[in-house]
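Residue indices begin at 1 and follow the sequence shown.
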Amino acid sequence: PPRSEASQPPTTADGGRFYSCADGVVSKVELNTGAGYPGTNYRIWVKISVRATIDYHFEIGGTVPEQRRRDNILVAEGQRVRAGQHIGNLIYAGDGCHVHFWVMEDRNDPRCPTAYFTQTVAAQFERLFVSPWVEKRPATRAALCQ
């Protein structure tokens with residue numbers, strides 16, 4: 001039977017769903033991460049071990065009200081999340097919207113997440129980057145983490 005509307009997962013018509021890639025605890029949610037431009041960008045950090053945190057930084061390509069950003073963040077600080085859990089949606093507010101996805105070890109500079117994947121999973125993830133709907137910036141980039 002069809003699921004009731006109340007049991008349907010949250011969706012967006014903007015730019016797609018994002019899922020936690022590992023079990024962890026949401027350690028930070030930020031609403032204004034757009035270099036001082038109000039109404040731009042937002043971020044979700046998921047602490048997955050004592051040393052490692054996954055950073056999902058949503059860059060929306062424009063400006064939207066705070067409530068719209070809040071509506072597309074589906075987790076709260078301190079919340080436990082499971083691998084595969086829908087944690088947020090990318091808002092499409094103009095050209096250039098995208099998500100930065102990286103790992104921070106000991107709060108140091110971000111590292112490419114593919115370094116933590118098996119070779120098979122890293123290759124599958126990299127194949128997403130060569131899809132015709134993914135625009136490389138700069139166009140000369142050969143790999144996601146270049």
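Taking hydrophobic clusters as Ile, Leu, Val, Met, Phe, Trp and Tyr residues chained together by side-chain heavy-atom distances below 4.5 Å, V121 does not share a cluster with W102. Following chains of ILVMFWY side-chain contacts shorter than 4.5 Å, one cannot reach I48 starting from M104, and the two form parts of different hydrophobic clusters.
Counting heavy atoms from C-beta outward, F117 and Q124 have side chains that stay 4.5 Å or more apart. Proximity of P110 to V103: side-chain heavy atoms (C-beta onward) are nowhere separated by under 4.5 Å. Residues I60 and Y92 are not in side-chain contact: their nearest non-hydrogen atoms beyond the backbone lie 4.5 Å or more apart.
Once rounded to the nearest 0.5 Å, the distance linking OG of S20 with CZ of R82 reads 10.0 Å. Once rounded to the nearest 0.5 Å, the distance linking CD1 of I54 with SG of C21 reads 4.0 Å. Atom CG of D55 and atom CD of E30 lie 8.0 Å apart (nearest 0.5 Å). Between the CG atom in N89 and the OH atom in Y42 there is a gap of 7.0 Å [rounded to 0.5 Å]. For the atom pair CG of N41 and NE2 of H98, the computed distance is 8.0 Å after rounding to the nearest 0.5 Å. Rounding to the nearest 0.5 Å gives a distance of 11.5 Å between CD1 of I73 and CZ of R43.
Of all heavy-atom pairs between A83 and D23, the closest is N-OD1, 2.7 Å. Nearest heavy atom pair, residue Q85 against residue R80, reads OE1-O, 4.1 Å.
Side chain of N72 to backbone of R68: a donor-acceptor contact under 3.5 angstrom is found.
A side chain to side chain contact (heavy atoms under 4.5 Å, CB included) with V81 holds for exactly one of V26, I44, L74; it is V26.
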Problem set entry | Pair R69-I91, side-chain contact (heavy atoms from CB on, under 4.5 Å): steps then yes or no | CA-CA 8 Å; R69 282 173 282 131; I91 298 169; 3.9 Å; yes
Exercise. For E66 and L31, what are the C-alpha separation, side-chain angles and deciding distance, and is it a side-chain contact (heavy atoms from CB on, under 4.5 Å)?
Worked result: CA-CA 7 Å; E66 181 175 314; L31 284 173; 3.6 Å; yes
For this session: Take V46 and S27 through the side-chain contact (heavy atoms from CB on, under 4.5 Å) test and state the conclusion after the steps.
Result: CA-CA 6 Å; V46 178; S27 59; over 6 Å; no
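The six-membered or imidazole ring of F101 lies away from that of F18, with a centre-to-centre distance of 6.0 Å or more.
Side-chain atoms of R111 and Y116 form a donor-acceptor pair, as typed in the model, at a separation below 3.5 Å.
Within 6.0 Å of atom CD in Q119, 12 or fewer heavy atoms from other residues, nucleotides or ligands are found, so the atom counts as exposed in its surroundings.
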